[in-house]
Amino acid sequence: MVNIYARSIRYFRPFFWPTLGGVLLTFLSILLSLLKPWPFKYIVDGVLDTSKGTLEARAFIDSCFGGANPSLSILWLCIAMVLISLLAGLVNLGSNYLFVHAGLQALLKLRTDLYTALQALPLKFHDARRSADSSFRVAYDSQSIQTIYNKGFATVLSSVVMLVATFVVMVGMNLPLTLASLVILPPVVWAIRYYAERVRKQSTSIHERESDLLTIAQEGLSQIRMVHAFGREAFEVDQFRRRAAQSLEANMKLNMTSVASSLVVGTLMAAGTALMYYIGSLQVIKPEAHFSLGDLLVFSAYIVMLYQPLEQLTYTAWALEGAAAGAARCFEVLDRDDDVPDAPDALDIKEAAGGIEFAHVDFGYSGERVIIQDINFTVKPGQTVAFVGGTGTGKSTLLSLVPRFYDPTAGSISLDGTDIRRISKKSLRSHIGMVLQDTLLFSTTIRENIAYGKPGATEEEIIEAARKAQALEFISKMPEGFSSPVGERGSHLSVGQRQRIGIARAFLKNAPILLLDEPTSALDPSTEHAIMGTIMELMRGKTTLIITHRLSTVHHFDRIIVMKDGRIVEDGSGPNLVSKDGVYAALYRDTNSVAATPAS
């Protein structure tokens with residue numbers, strides 16, 4: 001836990017000067033706060049006619065107000081109370097502004113670091129985690145850094161300084177009474193330690209439950225069409241209610257712990273205050289005592305100042321335990337090693353011819369499960385190769401190794417004779433274009449989606465890419481043209497329109513290597529035929545690896561690689577593979593028989 005706090009403090013280093021300014025203003029605010037009770041003491045001991053009034057207090061009144069009448073002296077002392085309180089409040093406002101500003105800047109930095117880390121981490125990390133959990137860490141867990149700064153550093157600093165300063169003043173006024181006031185200190189420390197551990201565990205549970213709740217809500221709303229289609233609204237609501245109830249239970253436990261701890265600490269402080277009043281009152285009523293009623297009133301104000309920071313430190317300790325739970329989840333992401341790192345001497349390639357070679361490549365998402373095994377093939381620059389085979393044979397996994405979404409567990413992949421692990425991921429991927437089965441679009445405009453792969457593209461280049469992708473016609477008919485929003489995940493567009501946007505994106509990037517993963521499988525035959533013609537135009541002059549289950553679209557290709565159970569079993573042209581009467585021939589016959597079956 002100490003390590004979490006130490007790491008959190010690093011985020012405050014860039015804000016040293018605002019923090020120092022806040023510290024100085026905190027000291028000044030505490031000094032002014034210590035003056036607040038004294039005007040009333042002088043009203044009691046210097047103006048009001050009491051048997052315990054002090055000569056010192058009356059002398060102070062005479063020196064300040066020149067023997068003015070009592071009512072005028074009381075008025076000026078009351079005004080002094082207001083001015084001292086106002087000045088202390090203004091100084092405290094300034095210190096709080098500096099601390100809050102620094103805390104929010106630290107929050108911004110942590111959130112940015114978290115999001116940067118999540119963007120950089122390989123797909124293996126994201127495959128093993130829910131996206132909602134990662135979003136929760138960025139949006140909510142990150143707020144722990146502000147809690148650690150504002151409730152930790154700032155509150156602890158002001159509370160400790162107030163505690164020490166008040167203690168020194170109280171000792172100077174009445175040592176026995178001060179010691180009596182500190183009798184409650186040991187049980188308060190015990191309560192802090194006892195409840196802090198419970199708060200930390202319960203806070204961790206809340207973070208996990210809230211993350212689960214966000215996941216359920218996000219999945220249910222993102223798949224709302226599926227929910228409606230299958231009439232599963234009641235089921236989704238029930239799922240959400242159960243997770244929300246678990247979150248409620250966790251919150252209830254934490255709140256009851258907080259209430260119980262407040263009761264214990266509050267009772268202890270009430271006991272300390274009562275003890276002080278009892279002993280102080282006995283001192284005031286003794287004829288020979290030098291402790292006046294005004295002194296007791298000042299002392300009672302100071303005991304509030306002593307117990308208040310002590311109480312703040314108690315609650316701060318519990319708040320820090322809760323914040324530490326969130327910070328730990330943030331640092332878990334930041335500490336995650338990249339499974340697909342750039343080599344220290346990674347190359348930035350400027351050009352690529354597009355020659356690809358797989359040499360004895362194995363890969364599995366876990367050590368126990370191998371997806372592809374001993375893959376060997378070479379693709380010449382500008383050559384098109386189709387990969388076919390049944391579902392689950394490792395075709396998509398093989399394609400994902402080319403841009404280094406994952407690294408092979410054995411063997412090597414080369415680009416133009418250079419192992420791709422010696423090429424920086426950014427430069428490698430800059431030479432690769434992709435069109436997937438389900439084109440991924442962002443909730444922004446058509447223009448920004450097309451230009452996503454080439455930041456800074458001109459309007460003319462975007463329009464030309466849309467024209468080549470045969471998307472210009474439907475874009476021109478939209479109310480706002482290229483500025484039309486596509487909706488969440490492209491929901492405002494048809495499947496064919498989304499696919500054309502993805503093809504336009506690839507046209508604009510114009511990379512020498514093209515990866516196509518089932519680019520037409522979700523389309524009807526007429527749309528598939530039109531888009532396949534566009535894809536053929538896109539493929540021209542590029543090294544292309546294409547995966548498809550529709551063999552009719554690739555049967556005429558010069559080279560088809562057939563995969564089965566994670567291995568390459570056949571390699572050749574379509575007609576040649578049919579003549580061998582092997583795996584491809586069986587797939588081809590099945591495809592043709594399905595296509596020939598009349599619709600019922």
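Nothing here was measured: the structure is a model prediction, and the numbers come from that model.
Looking at R447 and S483, their side chains do bring a donor and an acceptor atom within 3.5 Å of each other. Side-chain contact annotation: S424 with D348, donor-acceptor N/O pair under 3.5 Å present. Using modelled atom types, one finds no donor on one side chain facing an acceptor on the other under 3.5 Å when comparing S412 with D419.
Around atom CZ of F331, more than 12 heavy atoms belonging to other residues, nucleotides or ligands sit under 6.0 Å away. The number of heavy-atom neighbours closer than 6.0 Å to OH of Y115, taken from other residues, nucleotides and ligands shown, is 12 or below. In this structure, E351 places its CD atom where only 12 or fewer heavy-atom neighbours from other residues, nucleotides or ligands lie under 6.0 Å away. Open room surrounds CZ on R422; 12 or fewer heavy atoms of other groups in view lie less than 6.0 Å from it. Atom CG of D238 sits in a crowded spot, with more than 12 heavy atoms from other residues, nucleotides or ligands closer than 6.0 Å. In Y140, the OH atom is not crowded: 12 or fewer heavy atoms of neighbouring residues, nucleotides or ligands sit closer than 6.0 Å.
At distances below 3.5 Å, not a single donor-acceptor pair connects side-chain atoms of K580 with backbone N or O atoms of A585. Side chain of R467 to main chain of L472: no donor-acceptor pair is present (N/O by atom type, distance under 3.5 Å, no hydrogens or angles). R559 places no side-chain N or O within donor-acceptor distance of the main-chain N or O of V385, the cut-off being under 3.5 Å. In this structure, the side chain of D362 does not engage the main chain of A410 through any donor-acceptor pair within 3.5 Å. A donor-acceptor contact shorter than 3.5 Å is absent between the side chain of K253 and the backbone of S205. With hydrogens and angles disregarded, a donor-acceptor distance shorter than 3.5 Å links the side chain of Q499 to the backbone of P519.
Between K564 and E570, none of the side-chain N atoms (NZ, or NE/NH1/NH2) sits under 4.0 Å from a carboxylate O, so this pair counts as no salt bridge. No salt bridge links D212 with R242; every basic N to acidic carboxylate O contact stays at or beyond 4.0 Å. Using a cutoff of 4.0 Å between basic side-chain nitrogens and carboxylate oxygens, R540 and E537 are scored as salt-bridged. Using a cut-off of 4.0 Å between Lys/Arg side-chain N and Asp/Glu carboxylate O, E473 and K477 are scored as salt-bridged.
Between K542 and T384, the shortest heavy-atom contact is O-OG1, 4.4 Å. Between A506 and V435, the closest heavy-atom pair is CB-CG2, 3.9 Å. In terms of heavy-atom proximity, L441 sits nearest to N449 at CA-OD1, 3.4 Å. Between R137 and R329, the shortest heavy-atom contact is NH1-O, 3.0 Å. The two residues H549 and T391 come nearest to each other via the heavy atoms NE2-OG1, 3.7 Å. Shortest non-hydrogen contact noted between A504 and A465 is O-CB, 3.4 Å.
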| task | Check the pair S396, I547 against side-chain contact (heavy atoms from CB on, under 4.5 Å), reporting the backbone distance first and the verdict last. | result | CA-CA 7 Å; S396 296; I547 295 173; 4.1 Å; yes
| said: The test is side-chain contact (heavy atoms from CB on, under 4.5 Å); show your working for F358 and V402 and say whether it passes. | reply: CA-CA 9 Å; F358 276 60; V402 177; 3.9 Å; yes
| said: What verdict does the side-chain contact (heavy atoms from CB on, under 4.5 Å) test give for N251 and R209, after you've listed the backbone C-alpha separation in whole Å, the side-chain angles of each residue and the deciding distance to 0.1 Å? | reply: CA-CA 9 Å; N251 273 282; R209 296 290 182 272; over 6 Å; no
| task | Could you give me the CA-CA distance, side-chain angles and deciding distance for D141 and E210, then say whether side-chain contact (heavy atoms from CB on, under 4.5 Å) is met? | result | CA-CA 10 Å; D141 288 335; E210 289 292 318; over 6 Å; no
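Within the 4.5 Å cutoff, no side-chain heavy atoms of R111 are placed close to those of I145. Looking at heavy atoms from C-beta onward, H555 lies in side-chain contact with P575 at the 4.5 angstrom threshold. Using a 4.5 Å heavy-atom threshold, the side chains of K425 and D338 count as touching. Using a 4.5 Å cut-off on side-chain heavy atoms (C-beta onward), S134 and V333 make no contact. Looking at F387 and T393, their side chains never come closer than 4.5 Å, going by heavy atoms from C-beta outward. In this structure, the side chains of Q383 and F557 stay at 4.5 Å or more apart for every pair of heavy atoms. Using a 4.5 Å heavy-atom cutoff, the side chains of D342 and R404 are in contact. For the pair F405/T397, no side-chain contact is recorded, criterion being any heavy-atom separation below 4.5 Å from C-beta on.
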Validation: residues 371-381 side-chain donor-acceptor distances under 3.5 Å, sequence neighbours left out:
| residue | atom | partner | partner atom | Å |
| --- | --- | --- | --- | --- |
| Q373 | OE1 | R567 | NH2 | 3.3 |
| D374 | OD1 | H360 | ND1 | 3.0 |
| D374 | OD1 | N376 | ND2 | 3.1 |
| N376 | OD1 | H360 | N | 2.6 |
| N376 | OD1 | H360 | ND1 | 3.4 |
| N376 | ND2 | D374 | O | 3.2 |

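Atom CG in L545 sits 10.0 Å away from atom CE in M539 (nearest 0.5 Å). Atom OH of residue Y406 and atom CG of residue D339 lie 10.5 Å apart, to the nearest 0.5 angstrom. I560 contributes atom CD1, which lies 7.0 Å from atom OG of S573 (distance to the nearest 0.5 angstrom). The distance from atom CG of L415 to atom CD1 of I423, rounded to the nearest 0.5 Å, is 4.5 Å. N510 CG to L538 CG: the interatomic distance, rounded to the nearest 0.5 Å, is 8.5 Å. Taking CE from M434 and CD1 from I513, the interatomic distance works out to 11.5 Å, rounded to the nearest 0.5 Å.
Using cut-offs of 30° and 60° on the angle between ring planes, the pair Y584 and Y588 is parallel.
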